[in-house]
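What follows is a single structure, written as structure tokens, with notes after it.
Naming convention: chains lettered A, B, ... in sequence-line order (proteins, then strands); numbering from 1 in each chain. Excluded from the calculations below are hydrogen atoms, water molecules and symmetry mates; all remaining heavy atoms, backbone and side chain alike, are included.
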There are 2 protein chains.
Amino acid sequence: MDAYNILISHGINPSMQRIAIMEYLLNHRTHPSADDVYTNLSKTMPTLSKTTVYNTLKLLSEKGAALMLTIDENKVNFDGDTSPHTHFLCKTCGRIYDLPMAGSVKEVMAMDADGHLITEVHQYYRGICKNCLVTKK
Amino acid sequence: MDAYNILISHGINPSMQRIAIMEYLLNHRTHPSADDVYTNLSKTMPTLSKTTVYNTLKLLSEKGAALMLTIDENKVNFDGDTSPHTHFLCKTCGRIYDLPMAGSVKEVMAMDADGHLITEVHQYYRGICKNCLVTKK
DNA sequence: GTGCTTGCAAATCGTTTGCAATAGC
DNA sequence: GCTATTGCAAACGATTTGCAAGCAC
């Protein structure tokens, strides 16, 4: 599905800016921060404001069109892939990797949680990625 | 185990401030932020500085004597309970609850992760807690 | 022309940094 | 005395806010 239809299907008014930001998330699976999105998109959209990027990313995550990741202690990252998967943060290089989420973990989503209503399940690993492991030798 | 011995066993020099902060985490299972710890402890330790609280909480989490939680997008929270368990953030009241971690999830810790070295596993749920569900009716 | 969206600049606030004072062996 | 620890004040940086201008139906 393309950016336009993702917005539509999540009840989001598809403005030019919102399409561009959603498209950026779909084409760059790097879990960018708001600032990353702004910096890169403003090259081709010079009038784009940082406020709009923040507003839009918040809107996308609230409406379920994107994931807001809080794995990094310093900033929030976003992911256009909303399918269940695990995130791995390398404490050395700061990169976030995708990993498959164990089947047993997905089942938890339907679990009763002591009476609380669960709307989001996140699984985060931290450690040292294979690239940094090699470099360290 | 008391605060003093937790510090010792994690190779942390047990200064008065560090014992007080570790003790606060053990006695207040509310997943406080650095500011929470500072505000409450400074009532009885007026000379305590915020810098020391930040330094100490960082040290505790680095040495494994406490957990650093990044479930809240706005601030970092800390947990003196380092045993494997899941955290639930209520999007309405902002409180963080403890939930048991499914046995199948714990096993993941030993899993091979595409060659990456995993040192931490975190499981976060977000949603609306049972108190806020009742209030909303 | 009314309501939603955008954008600029300023403010906010959790956190970090620089550096001098202090404490403990 | 030397090293680790603490504390103050200033800086920082990601994010939010206030508000005016622009856009769309």
Exercise. Can you check the B:D72 CG to D:dA14 C1' distance for me, whole Å?
Worked result: 14 Å
Exercise. Taking the six-membered ring for Trp, is the centroid-to-centroid distance between A:H87 and A:Y97 below 6.0 Å?
Worked result: no
Problem set entry | Interatomic distance where CE belongs to A:M16 and C1' belongs to C:dC4 [whole Å] | 16 Å
Problem set entry | No-H, no-angle donor-acceptor pair, B:T51 side chain to D:dC8 base, under 3.5 Å | yes
Problem set entry | Whole-Å distance separating the CD1 atom of B:I12 from the C1' atom of D:dT5 | 14 Å
Exercise. Starting at CD1 of B:I19 and ending at C1' of C:dG24, how long is that distance when rounded to a whole Å?
Worked result: 13 Å
For this session: May I ask you to evaluate whether A:T47 reaches the phosphate of C:dG7, defined as a side-chain N or O under 4.0 Å from OP1 or OP2?
Result: yes
Exercise. Roughly, in whole Å, what's the span from CG in B:L59 to P in C:dT16?
Worked result: 13 Å
For this session: Ignoring backbone atoms, test whether A:Q17 places a side-chain nitrogen or oxygen under 4.0 Å from the OP1 or OP2 oxygen of C:dG7.
Result: yes
Exercise. C:dT22 P sits how many Å from B:N13 CG, rounded?
Worked result: 20 Å
For this session: Kindly say if A:Y54 contacts the phosphate of D:dT16, meaning a side-chain N or O under 4.0 Å from OP1 or OP2.
Result: no
Exercise. Of all heavy-atom pairs between A:L133 and B:G115, which one has the smallest distance, and what is that distance?
Worked result: CD1-O, 3.6 Å
Problem set entry | Any A:T52 side-chain nitrogen or oxygen under 4.0 Å from OP1 or OP2 of C:dT5 | no
Seminar exercise, completed: side chain to side chain contact (heavy atoms under 4.5 Å, CB included) test vs B:F88 passes for just one of A:L117, A:I118, A:D114, namely A:I118
Exercise. Is a side-chain donor or acceptor of A:T52 paired with a backbone partner of A:L48 at a separation under 3.5 angstrom?
Worked result: no
Exercise. Looking across every strand, which nucleic acid part, if any, lies under 4.0 Å from A:D35 by heavy atom: base, sugar-phosphate, or nothing?
Worked result: nothing
